[in-house]
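Keep in mind it's a predicted model, so treat the numbers as computed, not measured. In what follows, residues are counted from 1 in the order of the sequence shown.
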Amino acid sequence: MRVFLNTNVLVSAFATRGLCADVFRTVLAEHELITSEFVLAELERVLTERFGVPEKHVHFIIALLRRYHVEPISEDLPDLIIRDPDDLNIMDAALASNADVVVTGDRDLHDVKDQAGITITDPRGFWNMLKERPRQ
């Protein structure tokens, strides 16, 4: 499965222990991880400014994520009705990369799943989805 992890899931995966860290590890081991240039820039900013993660650790994290699919920023954003215009960058990358699912804690993104025609779920919903799926 092609899994797009949004910034908030990645921040939680690297800054705390718990469900998001488990989701991240499982995606790396069993699925195709997708992020975007927009997500990586946001992740770098949040980890350094909000969490005080040392720059060298942040560079290591970004380098690790660059080993997987990183969708470039597009000039043509999708025509979706969404509260936060920055979220259009997330949806554009997820749609352009043919992601099967977007995993995010951002409630605004959950509100556009019917418009976007893509599965959008929170980390718990994704975890439950994985448990229900037969292993290949």
Side-chain angles (χ1 to χ4, degrees):
M1 185 177 350
R2 296 172 56 82
V3 182
F4 189 97
L5 296 181
N6 195 13
T7 310
N8 51 43
V9 175
L10 291 170
V11 167
S12 293
F14 288 108
T16 65
R17 288 184 223 160
L19 178 61
C20 289
D22 293 341
V23 164
F24 178 73
R25 283 191 300 273
T26 301
V27 169
L28 287 185
E30 301 175 17
H31 303 281
E32 186 176 344
L33 171 65
I34 302 171
T35 62
S36 69
E37 290 295 341
F38 184 84
V39 166
L40 295 184
E42 208 173 36
L43 177 64
E44 184 173 8
R45 181 181 52 75
V46 170
L47 288 176
T48 54
E49 293 176 13
R50 287 196 196 155
F51 287 87
V53 176
E55 215 171 280
K56 72 177 187 173
H57 295 300
V58 173
H59 290 297
F60 174 81
I61 290 167
I62 300 298
L64 169 71
L65 293 171
R66 286 195 179 284
R67 294 168 55 192
Y68 302 91
H69 184 123
V70 178
E71 191 65 30
I73 294 175
S74 172
E75 305 233 349
D76 300 319
L77 297 176
D79 188 26
L80 300 172
I81 299 167
I82 195 163
R83 187 189 64 79
D84 183 355
D86 281 346
D87 287 340
L88 288 173
N89 290 291
I90 302 301
M91 291 310 303
D92 177 64
L95 293 168
S97 65
N98 295 312
D100 295 308
V101 62
V102 175
V103 182
T104 182
D106 186 335
R107 300 291 352 141
D108 288 339
L109 287 174
H110 292 264
D111 292 342
V112 299
K113 63 182 156 193
D114 293 333
Q115 296 178 63
I118 189 170
T119 300
I120 301 173
T121 187
D122 61 17
R124 177 61 59 199
F126 181 69
W127 193 255
N128 291 339
M129 199 166 78
L130 292 178
K131 289 190 330 188
E132 293 169 4
R133 244 183 114 160
R135 292 194 86 114
Q136 297 175 346

Exercise. Taking atom CZ of F4 and atom CG of D100, what is their separation to the nearest 0.5 Å?
Worked result: 13.0 Å
For this session: Kindly indicate, with the supporting measurements, whether the criterion side-chain contact (heavy atoms from CB on, under 4.5 Å) is fulfilled by V23 and L5.
Result: CA-CA 9 Å; V23 164; L5 296 181; 4.2 Å; yes
Exercise. Backbone N or O of F38 within a donor-acceptor pair of the N89 side chain at under 3.5 Å?
Worked result: no
Problem set entry | S36 versus V70, closest heavy-atom pair with distance | C-CG1, 3.6 Å
For this session: Hey, could you give me each pair passing side-chain hydrogen bond (donor to acceptor under 3.5 Å, both in side chains) that has a residue in residues 39-50? Not counting sequence neighbours.
Result: T7-E42
For this session: Show the numbers, then the answer: is there a side-chain contact (heavy atoms from CB on, under 4.5 Å) between V27 and V103?
Result: CA-CA 11 Å; V27 169; V103 182; over 6 Å; no
For this session: Could you go through the side-chain contact (heavy atoms from CB on, under 4.5 Å) check for L10 and F24 one step at a time?
Result: CA-CA 7 Å; L10 291 170; F24 178 73; 3.8 Å; yes
Exercise. Is it the case that one hydrophobic cluster holds both F60 and I62, taking links as side-chain heavy atoms less than 4.5 Å apart, direct or via other members?
Worked result: no
Problem set entry | Separation between OG of S12 and CZ of F51, rounded to the nearest 0.5 Å | 6.5 Å
For this session: Of all the heavy-atom pairs spanning P123 and C20, show the shortest one and how long it is.
Result: CG-SG, 3.7 Å
For this session: Quick one: which residue pairs count as a side-chain hydrogen bond (donor to acceptor under 3.5 Å, both in side chains) with a foot in residues 14-29, not counting sequence neighbours?
Result: D22-R25
For this session: Without swapping roles, check the side chain of R2 against the backbone of S97 for a donor-acceptor pair under 3.5 Å.
Result: yes
For this session: Could you grab the distance from atom CG of L65 to atom CG of L43, nearest 0.5 Å is fine?
Result: 6.5 Å
For this session: With side-chain contact (heavy atoms from CB on, under 4.5 Å) as the test, would you mind laying out the steps for M129 and V101 before giving the verdict?
Result: CA-CA 11 Å; M129 199 166 78; V101 62; 3.9 Å; yes
Exercise. N6 and side-chain hydrogen bond (donor to acceptor under 3.5 Å, both in side chains): which partner among D122, T104, D87?
Worked result: T104
Exercise. To the nearest 0.5 Å, what is the distance between CE (M91) and CD1 (I120)?
Worked result: 4.0 Å
For this session: Rounded to the nearest 0.5 Å, what's the gap from CD1 on I34 to CD on E71? Could you check?
Result: 8.0 Å
Exercise. Going from CG on L40 to OG1 on T35, what distance comes out if it is rounded to the nearest 0.5 angstrom?
Worked result: 4.0 Å
